[in-house]
Amino acid sequence: MAEIILKNITKEYENGFQAVKNVNLEIGDNEFVILVGPSGCGKSTTLRMIAGLEDISDGDLLIDGERMNDVAPQNRNIAMVFQNYALYPHMSVYQNIAYSLKIQKVPKAEIDKRVHEVAKSLGLEELLDRRPGQLSGGQKQRVAMGRAIIRHPKVFLMDEPLSNLDAKLRGQMRVEIADLYQRLNTTFIYVTHDQTEAMTLGTRIVVMRDGEIQQIDSPANLFNFPCNKFVAGFIGTPAMNFFDVTCEEENGEVILRTNGGKIRMNAEKTQKLKAGGWIGKKLLAGIRPEHVVVADSPEKTVFSGKVSVYELLGSNAIVYSDTDAGRIIMNTSQLEEHTHDSDIRLGVMEERIHIFDPETERTVTN
Ligand code: ATP
């Protein structure tokens, strides 16, 4: 259990490149915090600075109130699990899990007890005599976690721990990690570029881009109230649809006009758009595919076009249409088939519209 504070943390590599820029983050005891973002955004560098594997160029790292910048990795009471497992190939599963305790000269009987406890909790009891080369990817990952758990660390750091696994195993291991978190009562910091992992595992998610934090929020808030276009487009699959609109006042109502229709604003958005001086101006609008619907009347039509691709996924279908507002994706549970090149008229759930300043790309109605 630990509280971790990053104060104005910056990482500048020797070539002058700033991989992490002035990051501020407070992670409470027993939180499961996810660092997520596209490749190269600085999430691994941030994690490695917390672990002590990378020097901090500027700022302070505090663990339980103690400044850790210059403390050696092994003295930070942190355990890290990597994408490539980093197991010792010549050692058995037992020896791999026991290794850190052996180094600490923990008595043999105590080591044996703890290895068996950990192996039991991870379903590894039958595999203790095997070498890593005789294990599947998921089993290796479990051994890597066992090796981390046995030390009873204050903080668990995980860097893309599931990215070498196939889709099905990833799903299974995701649930196992969630389960582990519930049992261990420890602070977790987890790096991934997979937003499904981020949304399902995290109690809080930190979205990064180009070394900077974009938004720190709960999964639900990130989904419903993204602070800018980048976060809106990054969280959610398929990604949010974006399209140009003009904000107008029509018969006392505030609307967003698209090429093919209009979207009525509720009282709250009306007030915010008026207060922001947006009437008569161009804006960028966004709607998630699950909030696009087939329009059942001309008045409700926002986009008109033709179906390009229809993907039936079982309980839902994804329909890609080329419309007067560009490509619009709908994720629907109405399973009527839309054939290629058929005409389609789409509407939106008006309450679920997101609106961005086209210059700054910041949300204007949160
Ligand atoms: P990925 O998902 O691809 O692992 P990431 O978000 O974890 O990406 P980092 O590994 O933190 O990204 O790297 C952040 C940036 O720092 C990248 O642009 C990377 O090229 C750069 N970088 C990493 N190591 C060095 C180094 N030793 N010298 C200079 N630049 C580096």
Side-chain angles (χ1 to χ4, degrees), residues 4-25 27 31-61 63 68-70 72-73 76 78-86 137 140-141 144-145 148 155-167 169-171 173-174 177 187-202 204-217 219 222 226-237 239:
I4 298 166
I5 299 178
L6 281 72
K7 264 193 204 163
N8 307 112
I9 292 278
T10 293
K11 174 69 190 183
E12 187 170 311
Y13 282 109
E14 276 161 19
N15 61 1
F17 179 75
Q18 284 201 345
V20 176
K21 299 170 193 162
N22 199 29
V23 158
N24 284 288
L25 179 60
I27 299 174
E31 269 203 273
F32 197 135
V33 168
I34 307 262
L35 306 181
V36 69
S39 182
C41 70
K43 41 193 198 302
S44 291
T45 303
T46 304
L47 198 74
R48 291 170 62 80
M49 285 192 283
I50 298 172
L53 302 174
E54 204 73 75
D55 287 339
I56 296 170
S57 312
D58 208 356
D60 297 309
L61 168 71
I63 300 182
M68 285 285 159
N69 292 44
D70 305 315
R76 293 188 186 193
I78 275 174
M80 186 145 169
V81 178
F82 299 91
Q83 172 182 347
N84 61 6
Y85 321 128
K140 280 184 205 158
Q141 190 51 264
M145 284 199 270
V155 187
F156 247 106
L157 305 182
M158 297 190 163
D159 192 356
E160 304 254 7
L162 308 185
S163 58
N164 284 347
L165 307 178
D166 68 38
L169 201 51
R170 274 178 94 111
M173 291 298 292
R174 205 170 68 216
I177 291 176
T187 308
F188 276 61
I189 310 177
Y190 186 107
V191 162
T192 182
H193 62 263
D194 179 324
Q195 47 112 356
T196 311
E197 270 169 36
M199 294 294 280
T200 52
L201 285 172
R204 270 197 313 156
I205 301 177
V206 180
V207 183
M208 295 185 69
R209 178 195 198 184
D210 296 337
E212 288 176 318
I213 293 180
Q214 301 288 299
Q215 187 167 355
I216 307 174
D217 228 321
L222 277 183
C227 71
N228 60 26
K229 184 189 174 205
F230 174 80
V231 175
F234 189 76
I235 300 288
T237 346

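As the structure lists them, so they are numbered: ligands from 1, and atoms in each ligand from 1. Position 1 is the first residue of the sequence, and the numbers go up from there. These numbers come from the heavy atoms of this one structure, side chains and all, not from hydrogens, waters or symmetry mates.
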J.: Which atoms of ligand 1 have any heavy atom of Gly42 under 4.0 Å away?
T.: 5 (P), 6 (O), 11 (O), 12 (O), 14 (C)
J.: With a 3.5 Å distance limit and no angle check, can you tell me whether Asn69 reaches the backbone of Gly59 through a side-chain donor-acceptor pair?
T.: yes
J.: What residue and atom, counting heavy atoms only, is the protein's closest point to atom 30 (N) of ligand 1, and at what distance?
T.: Tyr13 CD1, 3.3 Å
J.: Tell me whether Lys43 has any N or O atom under 3.5 angstrom from an N or O of ligand 1.
T.: yes
J.: Within the 4.0 Å heavy-atom shell around Asn15, which atoms of ligand 1 are there?
T.: 29 (C)
J.: Under 3.5 Å between some N or O of ligand 1 and some N or O of Thr45?
T.: yes
J.: Looking only at non-hydrogen atoms, find the nearest pair between Gln214 and Cys227 and report the distance.
T.: O-SG, 3.4 Å
J.: To which of Ala19, Cys41, Gly37, Ser44 does the heavy atom nearest atom 7 (O) of ligand 1 belong?
T.: Ser44
J.: Give the ring-plane orientation class for Phe188 versus Phe32, where under 30° counts as parallel, over 60° as perpendicular and anything between as tilted.
T.: parallel
J.: Just to confirm my output: which protein heavy-atom neighbour is closest to atom 3 (O) of ligand 1, and how far is it?
T.: Ser39 OG, 2.6 Å
J.: How about NZ on Lys7, more than 12 heavy atoms from neighbouring residues, nucleotides or ligands closer than 6.0 Å, or not?
T.: no
J.: Among all protein heavy atoms, pick out the one at the shortest distance from atom 21 (C) of ligand 1; state its residue, atom name and that distance to 0.1 Å.
T.: Phe17 CE2, 3.7 Å
J.: Closest approach of Val20 and Val23, non-hydrogen atoms and distance?
T.: CG1-CG2, 3.5 Å
J.: State, to 0.1 Å, how close Asp60 and Ile9 come at their nearest heavy-atom pair, and which atoms those are.
T.: O-CD1, 3.4 Å
J.: If you measure only the distance, is there a donor-acceptor pair under 3.5 Å linking the side chains of Glu54 and Thr45?
T.: no
J.: Answer yes if a protein heavy atom lies under 4.0 Å from atom 19 (C) of ligand 1, otherwise answer no.
T.: no
J.: Of all the non-hydrogen atoms in the protein, which one sits nearest to atom 8 (O) of ligand 1, and at what distance?
T.: Gly40 N, 2.8 Å
